[in-house]
Amino acid sequence: EWTEAERKQLAQIATSLAVAMVLDQRQRWEEAVQAESLRKMLSETVHQVKNSLSAVRMFGKLLLRRLPGDDSMNRELAKDILIQSDRLVDLLMPIETIASRPMLSGRRATALPG
């Protein structure tokens, strides 16, 4: 049989544990929301950089078409533009893969739980 003092102490411990659990869940949720926000920003940035690289690649192709066949130095520079733009797109692919994974699975990020 529990004494009244022991019951009060157990109730205080239970309340403390419940508050700690809620605070821990809230912190984890806030961290997940922040990570999701960063993921979205990274995804949008990668998309914009890839669009710019596509434009640079297109300009390189147009330049290569307009250069005379005997202008080997400038033709090599135009080819380098194409090669380097492709290389940069390849370097962005792992970042794009990470940025395309949602961090919050099925949760709404508009209000704190509780």
Side-chain angles (χ1 to χ4, degrees):
E1 186 86 19
W2 297 91
T3 68
E4 187 62 30
E6 291 171 331
R7 285 186 195 145
K8 284 183 181 180
Q9 189 174 18
L10 283 173
Q12 288 174 342
I13 291 170
T15 300
S16 295
L17 288 173
V19 168
M21 191 170 113
V22 167
L23 291 175
D24 184 57
Q25 286 175 343
R26 183 176 292 234
Q27 180 181 357
R28 288 180 191 207
W29 186 84
E30 288 172 351
E31 288 170 357
V33 169
Q34 184 179 17
E36 179 67 9
S37 176
L38 289 172
R39 183 204 63 80
K40 285 180 181 179
M41 184 180 69
L42 180 61
S43 178
E44 291 170 9
T45 302
V46 167
H47 178 74
Q48 293 301 321
V49 170
K50 284 181 73 175
N51 283 347
S52 296
L53 287 171
S54 292
V56 168
R57 190 176 200 313
M58 180 189 66
F59 295 141
K61 281 183 174 182
L62 291 173
L63 180 62
L64 195 56
R65 285 184 185 170
R66 294 184 130 210
L67 287 171
D70 61 348
D71 191 353
S72 60
M73 185 178 84
N74 286 325
R75 290 184 68 77
E76 283 303 312
L77 290 173
K79 287 178 187 177
D80 282 343
I81 289 172
L82 299 177
I83 290 168
Q84 294 305 319
S85 63
D86 287 342
R87 183 170 182 271
L88 287 171
V89 168
D90 289 343
L91 290 172
L92 287 172
M93 288 174 86
I95 298 169
E96 185 177 38
T97 300
I98 291 168
S100 67
R101 292 186 207 143
M103 302 282 185
L104 296 175
S105 56
R107 293 185 189 171
R108 292 187 61 202
T110 55
L112 290 175

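Starting from 1, each residue takes its place in the sequence as its number.
Leu10 forms part of a hydrophobic cluster together with Trp2, judged by ILVMFWY side-chain heavy-atom separations under 4.5 Å. Applying the 4.5 Å side-chain rule to ILVMFWY residues, one finds Phe59, Leu62 in the same cluster as Met58.
Ser37 contributes no side-chain N or O that, together with a main-chain N or O of Val33, makes up a donor-acceptor pair within less than 3.5 Å. Here the side chain of Glu76 pairs no donor or acceptor atom with the backbone of Met73 at under 3.5 angstrom.
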Let me have the donor-acceptor pairs involving side chains of residues 86-95, under 3.5 Å, with sequence neighbours excluded, atom names and distances please.
from  : atom 1 : to    : atom 2 : distance (Å)
Asp86 : OD1    : Arg57 : NE     : 2.6
Asp86 : OD2    : Arg57 : NH2    : 2.9

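For the atom pair OG of Ser72 and CG of Asp70, the computed distance is 8.0 Å after rounding to the nearest 0.5 Å. Atom CG of residue Leu67 and atom NZ of residue Lys79 lie 10.5 Å apart, to the nearest 0.5 angstrom. Atom OG in Ser43 sits 12.5 Å away from atom CG in Leu38 (nearest 0.5 Å). Interatomic distance, Leu64 CG to Asp71 CG, rounded to the nearest 0.5 Å: 10.5 Å. Rounding to the nearest 0.5 angstrom, the gap separating the CZ atom in Arg66 from the CG atom in Leu63 is 9.0 Å. To the nearest 0.5 Å, the span separating CG on Leu17 from CD1 on Ile13 amounts to 7.5 Å.
In this structure, Gln48 and Thr45 have side chains that are not in contact, with every pair of non-hydrogen atoms separated by 4.5 Å or more. At least one side-chain heavy atom of Glu36 sits less than 4.5 Å from a side-chain heavy atom of Lys40.
Counting all heavy atoms, side chain and backbone alike, Glu96 lies closest to Lys50 at OE1-NZ, 3.0 Å. Looking at every heavy atom in both residues, Gly60 comes nearest to Ala78 through O-CB, 4.1 Å.
For CZ of Arg7, the number of neighbouring non-hydrogen atoms (other residues, nucleotides, ligands) closer than 6.0 Å is greater than 12.
In the model, Glu31 has a side-chain atom that pairs as donor or acceptor with a side-chain atom of Gln27 under 3.5 Å.
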